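A quick write-up on the structure given underneath.
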Amino acid sequence: MAAMSGGVDSSVCALLLQRAGCDVRGATMVLRDAAVPVAGAGPHGAACDVAPCGSSRDVEDARAVCRRLGIPHDAFDLRSRFDAAVIRPFCDAYLAGRTPNPCIDCNRHLKFEALQQRRRELGLQYVATGHYARRRWNEASGRWQLLRALDTAKDQSYVLYHLTQDTLAHMLFPLGGLTKDEVRALARDHGFVTADKPESQDICFVPDGDYAGFIEGYCGDASAFAAGEIVNREGRVLGEHGGLVHYTIGQRKGIGVAASEPLYVVEKDVAANRLVVGFKDELESRGVVARDVNLVSGDALDGRRHVQVKTHYRQRPVDAVAQQTGPDELTVTFDEPQRPAAPGQAVVIYDGEVVLGGGTAVRTF
RNA sequence: UGGGGUAUCGUCCAACGGCAGGACUCUGGUUUUUGGUACCAGCUACCUAGGUUCGAAUCCUAGUACCCCAG
C-alpha cells in the first residue's frame with residue numbers, strides 16, 4: 001500500500017514500488033475539507049484552492065497518478081481522527097503556552113497508526129511513504145533501524161522518530177536514497193500531474209499561515225489571547241503583547257519593541273501572562289528535557305551517550321550527550337550552548353546516520 | 001519663574017553650509033512537511049514661523065514642546 005498525499009514525492013514512491021515489481025495500491029487519507037471525492041470525478045484542478053495535504057484536490061491528484069500507473073486507489077476518510085489526533089492537541093498545546101509540531105502528530109497517528117491498521121485489514125505486507133528516510137535491519141541487535149536519507153538536505157527522518165519496531169518492520173521508504181531533483185525528474189518523465197507541485201509548507205490545516213486566528217476560531221476565546229506585558233529579564237516593562245499564543249521561544253519577528261539590537265522571546269510566563277524578551281546572547285541553552293520518549297531503533301540508552309541532536313526539522317544536528325533520566329524522560333545536554341528548544345517541539349537524537357529516537361521537549365535548561 | 005540643554009523615520013542615534021544615513025520596529029520575499037530562525041529587499045523623518053546664503057537639518061531670531069540645574 002503506497003500512502004499518497006497527492007504530492008510529487010508519494011507519486012514517485014508508488015512508481016518505484018511498481019517498478020520493483022510490487023503489487024501496489026495507492027491510498028490517500030482524506031483529512032479535511034468538504035466531500036470525499038467520488039471515484040471517476042472530472043478532471044482535477046477545476047477552481048480548486050491551493051491547499052497541501054489531505055484536501056480534495058490532493059485526493060484527485062493522487063487518483064490521477066494511480067490511474068496513470070494503472071493501480072487501484074482508495075481514499076480513507078480520516079477527518080474525525082485528524083481532528084482528534086492532530087488539530088485538537090495542536091490547539092490545546094498552544095493554549096497551554098507550548099509550541100506543538102502538528103506534522104509529527106499527523107505522521108504518528110495517521111500516516112502510521114491509521115494506515116498500518118488499514119494495511120492489516122487489507123492483508124497487505126507494507127505501507128510505503130514518500131519520506132526521505134531509510135530503514136535497515138541490524139543483524140547484531142536483531143532490530144530495525146531508522147536511518148537518515150542519503151540526501152541530507154532533504155532528510156525527513158526527524159518526523160519519524162516515534163515509529164515502533166512493529167511499524168518499521170512493515171514500512172518502506174523508496175525515496176530514501178534519492179535526491180529531490182531525481183524524484184522530480186522521474187515524475188516529469190512519467191507525466192504525473194504532481195511533478196511540479198510546490199514543496200509543502202505551513203500548517204496544512206491553516207493555509208493562510210494565521211495559526212492563532214485558526215485556534216481562536218476553533219476554540220473560542222481563551223487567556224492565551226489576552227494582552228499582557230512584554231518585559232526583559234530584569235522585569236522592566238518594554239511594551240505590550242497581543243496574547244502569548246502568538247509567540248514561541250526564540251521568536252524575533254512580531255515583538256514590536258525597538259531596541260539597539262533585535263529582541264527575541266526568551267520565555268513565556270503563562271501564569272503571569274508575560275512575554276520575556278532578551279538579546280541574542282540571552283538565548284543560550286545548555287540542554288533540553290524530553291518526555292514521551294521513543295527509541296525507534298531499539299537501542300536502550302545506557303548511561304551517558306554521545307549523540308547528535310535536532311530540536312528543529314531543519315537544524316543541522318549538533319553534538320550532545322543524551323541520558324535516560326526517568327522511565328519516560330530523556331535529558332540531552334549540548335556540547336556547546338544552543339538556541340533553546342521550544343517546549344512542545346520534537347527532540348530527536350542521532351548516532352551518525354542512525355536515528356536513535358526522540359521525544360517532546362518539556363523544558364530547557 | 002531665573003540659568004543651561006535638546007528638538008531628525010514608528011523608536012534610538014548620525015549627517016565640514018552642498019542629493020538626510022544607520023540600527024531596531026514594521027512590511028514583503030527567499031528557505032522550509034510545524035511554530036520559529038537565518039538570509040534578501042522595501043516603506044516611513046529634518047518641531048513651527050521668519051531671516052542670512054547660490055544653497056540651511058546645520059548659522060541667526062522668535063515661538064512651541066520636552067529635559068536638567070536652581071526652587
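Computation of the quantities below employed the complete heavy-atom set of this structure, encompassing side-chain atoms and omitting hydrogens, waters and symmetry-equivalent molecules. Worth saying up front: this structure is predicted, and the values here are computed from it rather than measured. To find a chain, count down the sequence lines: A is the first, B the second, and so on, and within it residues start at 1.
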Rounded distance (nearest 0.5 Å) linking atom CZ of A/R98 with atom CD1 of A/I249: 13.0 Å
P gap between B/rC19 and B/rG36, integer Å: 42 Å
Distance in angstrom units between A/D151 CG and B/rU32 C1', rounded: 14 Å
Nearest-angstrom distance from the residue atom CG of A/D9 to P of B/rU33: 9 Å
Interatomic distance, A/M4 CE vs B/rU33 C1' [rounded to whole Å]: 17 Å
Touch class at under 4.0 angstrom, heavy-atom based, for A/Y94 against every strand present: sugar-phosphate
Phosphate contact (B/rU33 OP1 or OP2) by A/K154 side-chain N/O below 4.0 Å: yes
d(CZ, A/F82; P, B/rU34) in whole Å: 13 Å
Inter-nucleotide P distance (B/rA23, B/rG42), Å rounded: 11 Å
Spacing of A/H109 atom NE2 relative to B/rU34 atom P, expressed in whole Å: 18 Å
Pairwise P distance for B/rC16 and B/rU58, with rounding to whole Å: 12 Å
Gap in Å between the two P atoms, one belonging to B/rU44 and one to B/rG51, rounded: 30 Å
P-based separation of B/rU8 from B/rA57 [nearest Å]: 15 Å
Criterion side-chain contact (heavy atoms from CB on, under 4.5 Å) on A/V231 and A/V276, from CA distance to verdict: CA-CA 5 Å; A/V231 301; A/V276 185; 4.0 Å; yes
Neighbour count above 12 (heavy atom, 6.0 Å) for A/D92 CG: yes
Over 12 foreign heavy atoms within 6.0 Å of CZ, A/R188: yes
Rounded distance (nearest 0.5 Å) linking atom CD of A/Q338 with atom CD of A/E284: 9.0 Å
Distance between C1' atoms of B/rG10 and B/rU25 (Å, rounded): 7 Å
Sugar-phosphate only, base, or nothing, as touched by A/I104 at under 4.0 Å among non-hydrogen atoms: nothing
B/rC43 to B/rA38 separation - P atoms, rounded to the nearest Å: 22 Å
Whole-Å distance separating the OH atom of A/Y313 from the P atom of B/rU31: 14 Å
Pairwise 5' ranking along RNA chain B for A/G256 and A/T311, keeping only the more 5' one: A/G256
Aromatic contact, A/Y264 with A/F279 (centres under 6.0 Å): no
Cation over ring face, A/R135 and A/F173, 6.0 Å, 45°: no
Enclosure of A/H306 NE2 (heavy-atom neighbours >12, cutoff 6.0 Å): no
Between B/rA49 and B/rA70 - C1' atom distance, rounded Å: 31 Å
Sugar-phosphate, base or nothing in reach of A/Q345, heavy atoms under 4.0 Å: base
Please enumerate all protein N or O atoms sitting under 3.5 Å from an N or O of nucleotides 21-23 of chain B, with distances to 0.1 Å.
unit_1	atom_1	unit_2	atom_2	d
B/rA23	O2'	A/S260	O	2.8

Sugar-phosphate, base or nothing in reach of A/N107, heavy atoms under 4.0 Å: base
Test: A/K180 and A/D151 ion pair at under 4.0 Å: no
Audit row: A/H73, A/R25, side-chain contact (heavy atoms from CB on, under 4.5 Å) steps and yes/no: CA-CA 6 Å; A/H73 175 263; A/R25 56 190 302 134; over 6 Å; no
A/R68, CZ: over 12 other non-hydrogen atoms inside 6.0 angstrom: no
All stems with RNA chain B, defined as three or more consecutive Watson-Crick or G-U pairs under 3.5 Å: B:1-7 with B:64-70, B:10-13 with B:21-24, B:26-30 with B:38-42, B:47-51 with B:59-63
Sugar-phosphate, base or nothing in reach of A/V265, heavy atoms under 4.0 Å: nothing
More than 12 heavy atoms from other groups under 6.0 Å of CD on A/E121: yes
Pull out every protein N or O sitting under 3.5 Å from an N or O of nucleotides 36-38 of chain B, one pair per line with the distance.
unit_1	atom_1	unit_2	atom_2	d
B/rG36	O2'	A/Q251	N	3.4
B/rG36	O6	A/H312	NE2	3.4
B/rG36	N1	A/H312	NE2	3.3
B/rU37	OP1	A/R252	N	2.6
B/rU37	OP1	A/K253	N	2.6
B/rA38	OP1	A/Y264	OH	2.5

Greater than 12 external heavy atoms within 6.0 Å of A/R304's CZ: no
Nucleotide B/rU31, atom P - distance to NZ of A/K180 in whole Å: 13 Å
Spacing between A/D202 atom CG and B/rU30 atom C1', to the nearest angstrom: 14 Å
